[in-house]
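Before any comments, here is the structure.
The figures here come from the full heavy-atom set of this structure, side chains too, leaving out hydrogens, waters and symmetry mates.
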Amino acid sequence: MSVNAVTHLNFRGDARAALTFYQSVFAGQIVMVTYKDAGNVQDPSEADQVMWGQVAADSGFRVMAYDVPSHLPWDQGENAFFVSLRGETVEEITTHWERLSAGAVIVRPLEPAQWAPLYGMLKDRFGVTWVVDVVSEYDPS
């Protein structure tokens, strides 16, 4: 038996666009259930917003997202979380970095770091901060 942690992103009306973007970066299957689909419409203007959504790729990448209804508090905050994307090869990580970079603010360029063959940080066009690196063995020396 195994347990997986999946990043769940909360938006105010941008979940569909964010999930669609992440699918374009990582491929895989996208599933979205709207408030209308679930019969849980409390505000007619939010009926087509995402109540539950997910992108799941064969590579193991998973992300979930939803639109927080207007009757609930929501504050995107600043540095409340990072999404850590770790891959095994420079090619794999570089490809994802290039796609995630579309419309992003680069916090730290993707380049070699003391602890990884490649490391970078960006805030994507939806305000989500990603830390991206190539997995390597840690050598404390």
Taking distance alone, no hydrogens or angles, what donor-acceptor pairs closer than 3.5 Å link side-chain atoms of residues 49-58 to residues at least two apart or in another chain?
none

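- Contacts of Trp130 classified as ring-ring contact (aromatic ring centres under 6.0 Å, His included), with partners at least two apart in sequence or in another chain: Tyr22, Phe26.
- Pairing each heavy atom of Asp67 with each of Ala15, the nearest pair is OD1-N, 3.0 Å.
- For the side chain to side chain contact (heavy atoms under 4.5 Å, CB included) test, residues two or more places apart in sequence or in another chain that qualify with Pro109 are Ile106, Glu111.
- Heavy-atom minimum distance, Ser70 versus Glu46: OG-OE2, 2.7 Å.
- Atoms CE and CG, on Met64 and Asn10 in that order, are 10.0 Å from each other to the nearest 0.5 Å.
- Using a 4.5 Å cut-off between side-chain heavy atoms of Ile, Leu, Val, Met, Phe, Trp and Tyr, with links allowed through other members, Phe126 and Val105 fall into different hydrophobic clusters.
- Residues satisfying the side chain to side chain contact (heavy atoms under 4.5 Å, CB included) criterion with Ala47, sequence neighbours excluded, are Lys36, Val41.
- Here the side chains of Leu9 and Phe81 are in contact, with some heavy-atom distance below 4.5 Å.
- Counting all heavy atoms, side chain and backbone alike, Leu110 lies closest to Val132 at CD1-O, 4.2 Å.
- A 6.0 Å sphere centred on CD of Glu92 holds more than 12 heavy atoms belonging to other residues, nucleotides or ligands.
- The shortest non-hydrogen separation linking Thr129 to Lys123 is OG1-CE, 3.5 Å.
- The shortest non-hydrogen separation linking Gly120 to Trp97 is C-CZ3, 3.5 Å.
- To the nearest 0.5 Å, atoms CG (Asp37) and CE (Met32) are separated by 10.0 Å.
- Side-chain atoms of Gln23 do not come within 3.5 Å of backbone N or O of Gln29 as any donor-acceptor pair.
- Side-chain contact between Phe21 and Leu100: present, with at least one pair of heavy atoms (C-beta onward) separated by less than 4.5 Å.
- How far CZ of Phe82 is from CE of Met121: 4.0 Å, rounded to the nearest 0.5 Å.
- In terms of modelled atom types and a separation under 3.5 Å, the side chain of Tyr35 and the main chain of Asp43 share no donor-acceptor contact.
- Looking at Val128 and Val83, their side chains come closer than 4.5 Å, going by heavy atoms from C-beta outward.
- With values rounded to the nearest 0.5 angstrom, Arg108 atom CZ is found 13.0 Å from Leu122 atom CG.
- Distance alone, capped at 3.5 Å, is enough to place a donor-acceptor pair between the Arg12 side chain and the Pro69 backbone.
- Residues that satisfy the ring-ring contact (aromatic ring centres under 6.0 Å, His included) test with Tyr119, not counting sequence neighbours, are Trp115.
- No single ILVMFWY cluster, assembled from side-chain heavy atoms under 4.5 Å apart, contains both Val33 and Tyr66.
- By the salt bridge (Lys or Arg N to Asp or Glu O under 4.0 Å) test, Asp133 pairs with Arg86, sequence neighbours left out.
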